[in-house]
Amino acid sequence: MFEHFKGEEVFVKKVLDYLDQVQYKQRLILTQFLDPYHQSIVKSVIGHQDEVQVLENGGFIHSESQRIIIAPYFYEIEKEDFEIVVCKIIYAKNFEKLTHRDILGALMSLGIKRELFGDIVRKRQRFLC
């Protein structure tokens, strides 16, 4: 298994641990926000299993960063289970040239880890993250 994911062995081990917790301890696992590559690793490692469900949500349609829930098949997953909150950033008009990079840099300079927030989207002169 690990030969398919060179450089990602630690992440693959974490996903295998998640699978073990779901199968043998009947736990629901909620990941941090994952990029598309890491989402594909989760799906590849877990594969299709009748007793496990893998669901994803990024807070809005077509979001790139997504949280994944891995749970026993009998859990009824609700949107709220993903624990996603959409934040609107309102800023002064004299900063009208703010970019995605500016917002990302400001959040990270506050000490917020990247995997704790999803996509940053500009919508009508506002940013949502």
For [Y], is there any backbone N or O sitting under 3.5 Å from a side-chain donor or acceptor partner on [X]?
X: Y18; Y: A71; value: no
X: Q39; Y: L34; value: yes
X: E80; Y: E78; value: no
X: D119; Y: E64; value: yes
X: R101; Y: L104; value: no

- Set of side chain to side chain contact (heavy atoms under 4.5 Å, CB included) partners for E76, sequence neighbours left out: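 Scan of E76 (side chain to side chain contact (heavy atoms under 4.5 Å, CB included), adjacent residues dropped) gives none.
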Cluster link [X] to [Y], ILVMFWY, side chain under 4.5 Å:
X: V52; Y: L30; answer: no
X: I120; Y: L110; answer: yes
X: L98; Y: I112; answer: yes
X: F11; Y: F5; answer: yes
X: F60; Y: F82; answer: no

message: Evaluate I69 against I29 for side-chain contact (heavy atoms from CB on, under 4.5 Å), listing each step before the verdict.
response: CA-CA 6 Å; I69 287 180; I29 301 294; over 6 Å; no
Next on the checklist: Show, in sequence, the C-alpha distance, side-chain angles and deciding distance for V54 and Q49, and conclude whether the side-chain contact (heavy atoms from CB on, under 4.5 Å) test is met.
Outcome noted: CA-CA 9 Å; V54 177; Q49 299 188 24; over 6 Å; no
R67 NZ/CZ over F33 ring centroid, <6.0 Å and within 45° of normal
yes
Side chains of D17 and Q21: any donor to acceptor distance under 3.5 Å?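 Checked: Q21/D17 side chains pair up, N/O donor to acceptor below 3.5 Å.
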Crowding at OH, Y24 (>12 non-hydrogen neighbours, <6.0 Å): no
- Item | More than 12 heavy atoms of other groups within 6.0 Å of Y73 OH |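 Atom OH in Y73 is not packed in, count stays at 12 or less.
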State the [atom1]-[atom2] distance between [X] and [Y], to the nearest 0.5 angstrom.
X: I70; Y: T31; atom1: CD1; atom2: OG1; value: 7.0 Å
X: S65; Y: R114; atom1: OG; atom2: CZ; value: 5.0 Å
X: H38; Y: Q32; atom1: NE2; atom2: CD; value: 12.5 Å
X: I46; Y: I41; atom1: CD1; atom2: CD1; value: 12.0 Å

Excluding sequence neighbours, so at least two apart, what forms salt bridge (Lys or Arg N to Asp or Glu O under 4.0 Å) with E56?
->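 Once residues adjacent in sequence are excluded, the partners of E56 under the salt bridge (Lys or Arg N to Asp or Glu O under 4.0 Å) criterion are K43.
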Residue pair F117, M108: steps toward the side-chain contact (heavy atoms from CB on, under 4.5 Å) verdict | CA-CA 10 Å; F117 56 93; M108 294 187 75; 4.2 Å; yes
Those residues at least two apart in sequence (or on a different chain) that pass side-chain hydrogen bond (donor to acceptor under 3.5 Å, both in side chains) with E51 are Q23
*In sequence, state the C-alpha distance, the side-chain angles, and the governing distance for Q53 and L55, and then conclude on side-chain contact (heavy atoms from CB on, under 4.5 Å).*
CA-CA 6 Å; Q53 58 181 318; L55 301 165; 3.4 Å; yes
